[in-house]
Amino acid sequence: MTSTFKNIALIGASGNIGQIILRGLLHASDFNVTVLTRSSSAATFPAGVIVRTSDFSSADLQEAFKGQDAVISAVGATGFADQKKYVDAAIAAGVCRFLPSEFSADTLNDTVNNLLPLFFLKKDVIEYLRSKESDSFSWTGVATSGLFDWGITNRFFQFDIASRSATIWDNGDKRFTLTNEKQLEDAVVSVLRHPEATANKYLYISSVETSQNEILAALESTTSSSWALQHTTTDAQVAEGSKKLQSGDFDGALQLVRAIPYGITPGLKSNFAKDRVLANGLLGLREESVQETIQRVVSEFKSN
């Protein structure tokens, strides 16, 4: 196996996760980054990125992957099932490392997958990658749980800075881990810089171990105000999210994703600091502060 990865291909670079990973690769400045995009895409990318249009056929993917050391998939839900084709093309092209589109919940946990069956497609890709391991090809999965600063900024975690309001699930005391955007950037870069140590591993990372009530306290302290609260339950949110998803409303999937850190369903194991072995030390990632993260997010909100 090569001692370093230099040429990196990224699929899904215009998506929420893809943009974060791309930013980290460019900031690191020691990679040659190629973004694969469809000819119909209107997405634009920063200077210094090689943009390779593709029809995403197996033959064209293989051609696009030639000369690449690693391929990173950051595809969204509609692309999960296509990743086996990407893996096959990468192997045929001589790529050394494949990073599948994890960067979220622990999809090796079937309690998580039963909550949101779409994630079984992710687990299937991990199992496929394991079947393809060889002296010349390896993979790395990175599980982040939810993205903390990203999810506060865009209200995904149901904290609204503008209105000083929040929705709290159950009693708000369940503890879980979350990862900040920069931590995700650094994790991916570290994986690529440490090929041997990260080969054929599913890695759990975390920026903070926290709870809804701790996040709320940090927000109230930082904004010097008491927030208006609504309360809900895991049962109500899961039932509503499942019903929406079954009717074709993808907002239901977002509710179920939120239920992974917030929900009190037994077996979710969403506190990676307690339930799993963190790879923070392996990847050189430091523990971060809930209060400092919230102060930064609120400051950025006020300046926009």
Side-chain angles (χ1 to χ4, degrees), residues 15-18 20-21 24 74 76-77 80 99-116 118-120 122-123 126 140-159 168-170 172-188 190-191 198 201-216 218 234 237-238 241 253-283 285-290 292-294 297:
N16 291 323
I17 297 296
I20 295 169
I21 292 173
F80 291 165
L99 278 68
S101 186
E102 290 295 311
F103 314 116
S104 180
D106 177 9
T107 56
L108 300 188
N109 181 351
D110 280 349
T111 301
V112 169
N113 298 337
N114 286 326
L115 182 66
L116 184 54
L118 183 65
F119 281 174
F120 274 114
K122 287 191 169 193
K123 181 182 180 182
I126 296 294
T140 307
V142 179
T144 60
S145 186
L147 292 181
F148 184 23
D149 46 3
W150 177 89
I152 297 296
T153 298
N154 63 22
R155 303 188 301 280
F156 175 79
F157 287 127
Q158 297 182 305
F159 292 95
I168 301 297
W169 292 39
D170 306 304
D173 286 332
K174 181 202 170 182
R175 297 193 69 76
F176 45 82
T177 52
L178 300 171
T179 298
N180 284 325
E181 290 187 38
K182 182 63 165 57
Q183 194 88 305
L184 170 57
E185 294 177 29
D186 292 345
V188 171
S190 186
V191 166
T198 60
K201 291 182 179 179
Y202 194 89
L203 304 176
Y204 299 89
I205 66 170
S206 165
S207 293
V208 299
E209 179 191 353
T210 188
S211 68
Q212 293 174 84
N213 285 337
E214 185 176 349
I215 295 170
L216 174 64
T234 297
Q237 290 293 316
V238 169
L254 300 180
Q255 280 181 267
L256 296 175
V257 169
R258 196 157 44 237
I260 298 169
Y262 280 4
I264 58 173
T265 304
L268 287 173
K269 298 184 177 180
S270 47
N271 185 344
F272 292 168
K274 295 290 191 295
D275 301 323
R276 302 300 186 193
V277 177
L278 289 177
N280 286 34
L282 174 67
L283 300 176
L285 307 177
R286 66 178 182 85
E287 184 179 354
E288 299 182 88
S289 161
V290 173
E292 289 176 0
T293 299
I294 291 299
V297 169

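Values in this document were obtained by computation on a predicted structure and should not be read as measured data. Values reported hereafter were calculated over all heavy atoms of this structure, with side chains retained and with hydrogens, waters and symmetry mates removed.
- When the salt bridge (Lys or Arg N to Asp or Glu O under 4.0 Å) test is applied to D110, the partners found at least two apart in sequence or on another chain are K123.
- Between the side chain of T234 and the backbone N or O of I264 there is at least one donor-acceptor pair closer than 3.5 Å.
- With rounding to the nearest 0.5 angstrom, the CG atom of L203 is 6.0 Å from the CG atom of L282.
- Panel note: side chain T153, backbone D149; a donor-acceptor pair is recorded below 3.5 Å.
- When all heavy atoms of P261 and S145 are compared, the closest pair comes out as CB-OG, 4.4 Å.
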For N213 and I168, what are the C-alpha separation, side-chain angles and deciding distance, and is it a side chain to side chain contact (heavy atoms under 4.5 Å, CB included)? CA-CA 8 Å; N213 285 337; I168 301 297; 4.2 Å; yes
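- The backbone N or O of I205 sits nowhere less than 3.5 Å from a side-chain atom of N280 that would complete a donor-acceptor pair.
- One finds a salt bridge joining R276 and D106 here, because a Lys/Arg side-chain nitrogen approaches an Asp/Glu carboxylate oxygen to under 4.0 Å.
- In terms of heavy-atom proximity, S289 sits nearest to V208 at C-CG1, 4.0 Å.
- For F119, the ring pair (Phe, Tyr, Trp, His ring centres under 6.0 Å) criterion is met by no residue, not counting sequence neighbours.
- Distance alone, capped at 3.5 Å, places no donor-acceptor pair between the Y204 side chain and the D275 backbone.
- For Y262, there are no side chain to side chain donor-acceptor pair (under 3.5 Å) partners two or more places apart in sequence or in a different chain.
- Under a 3.5 Å cut-off, the side chain of T177 and the backbone N or O of F272 do form a donor-acceptor pair.
- Counting all heavy atoms, side chain and backbone alike, I260 lies closest to L268 at O-CD1, 3.6 Å.
- No donor-acceptor pair closer than 3.5 Å links the side chain of D173 to the backbone N or O of S211.
- Here the closest non-hydrogen pair linking S206 and T179 is CA-OG1, 3.5 Å.
- Every pair tested for salt bridge (Lys or Arg N to Asp or Glu O under 4.0 Å) that includes a residue from residues 255-264 fails, sequence neighbours excluded, so the list is empty.
- Considering only residues two or more places apart in sequence or on other chains, F159 meets the ring pair (Phe, Tyr, Trp, His ring centres under 6.0 Å) condition with none of them.
- For the pair W150 and L184, the minimum side-chain heavy-atom distance is 4.5 Å or more.
- For E209, the salt bridge (Lys or Arg N to Asp or Glu O under 4.0 Å) partners are R175, K274, not counting sequence neighbours.
- How far CG of L99 is from CD1 of I21: 7.5 Å, rounded to the nearest 0.5 Å.
- Judged by distance alone, with hydrogens and angles left aside, the side-chain atoms of T144 form a donor-acceptor pair with the main-chain N or O of F103 at under 3.5 Å.
- Partners of T293 by side chain to side chain donor-acceptor pair (under 3.5 Å), not counting sequence neighbours, listed by chain and number: N180.
- Under a 3.5 Å cut-off, the side chain of T140 and the backbone N or O of T198 do form a donor-acceptor pair.
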Passes side chain to side chain contact (heavy atoms under 4.5 Å, CB included), Q212 versus F176? Steps please. CA-CA 9 Å; Q212 293 174 84; F176 45 82; 4.3 Å; yes
Pair L147-I17, side chain to side chain contact (heavy atoms under 4.5 Å, CB included): steps then yes or no: CA-CA 9 Å; L147 292 181; I17 297 296; 3.5 Å; yes
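- Put simply, CZ on F157 and CD1 on I152 are 6.5 Å apart, with the number rounded to the nearest 0.5 Å.
- Taking each heavy atom of S101 and A74 in turn, the nearest pair found is OG-C, 3.7 Å.
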Go through I126 and E102 one step at a time and tell me if the side chain to side chain contact (heavy atoms under 4.5 Å, CB included) criterion holds. CA-CA 9 Å; I126 296 294; E102 290 295 311; 3.8 Å; yes
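- With rounding to the nearest 0.5 Å, the separation of CD in E214 from CD1 in I294 is 9.5 Å.
- Partners of S270 by side chain to side chain donor-acceptor pair (under 3.5 Å), not counting sequence neighbours, listed by chain and number: K174.
- When the salt bridge (Lys or Arg N to Asp or Glu O under 4.0 Å) test is applied to D170, no partner is found at least two apart in sequence or on another chain.
- Residues passing the side chain to side chain donor-acceptor pair (under 3.5 Å) test with K201, sequence neighbours excluded: none.
- Atom CG of L116 sits about 11.5 Å away from atom CD of Q255, to the nearest 0.5 Å.
- Checked by atom type and distance alone, the side chain of Q183 pairs as donor or acceptor with a backbone atom of R286 at under 3.5 Å.
- Annotation: ring pair (Phe, Tyr, Trp, His ring centres under 6.0 Å) contacts of F80 (sequence neighbours excluded): none.
- Among all heavy-atom pairs drawn from P266 and T111, the shortest one is O-CG2, 3.4 Å.
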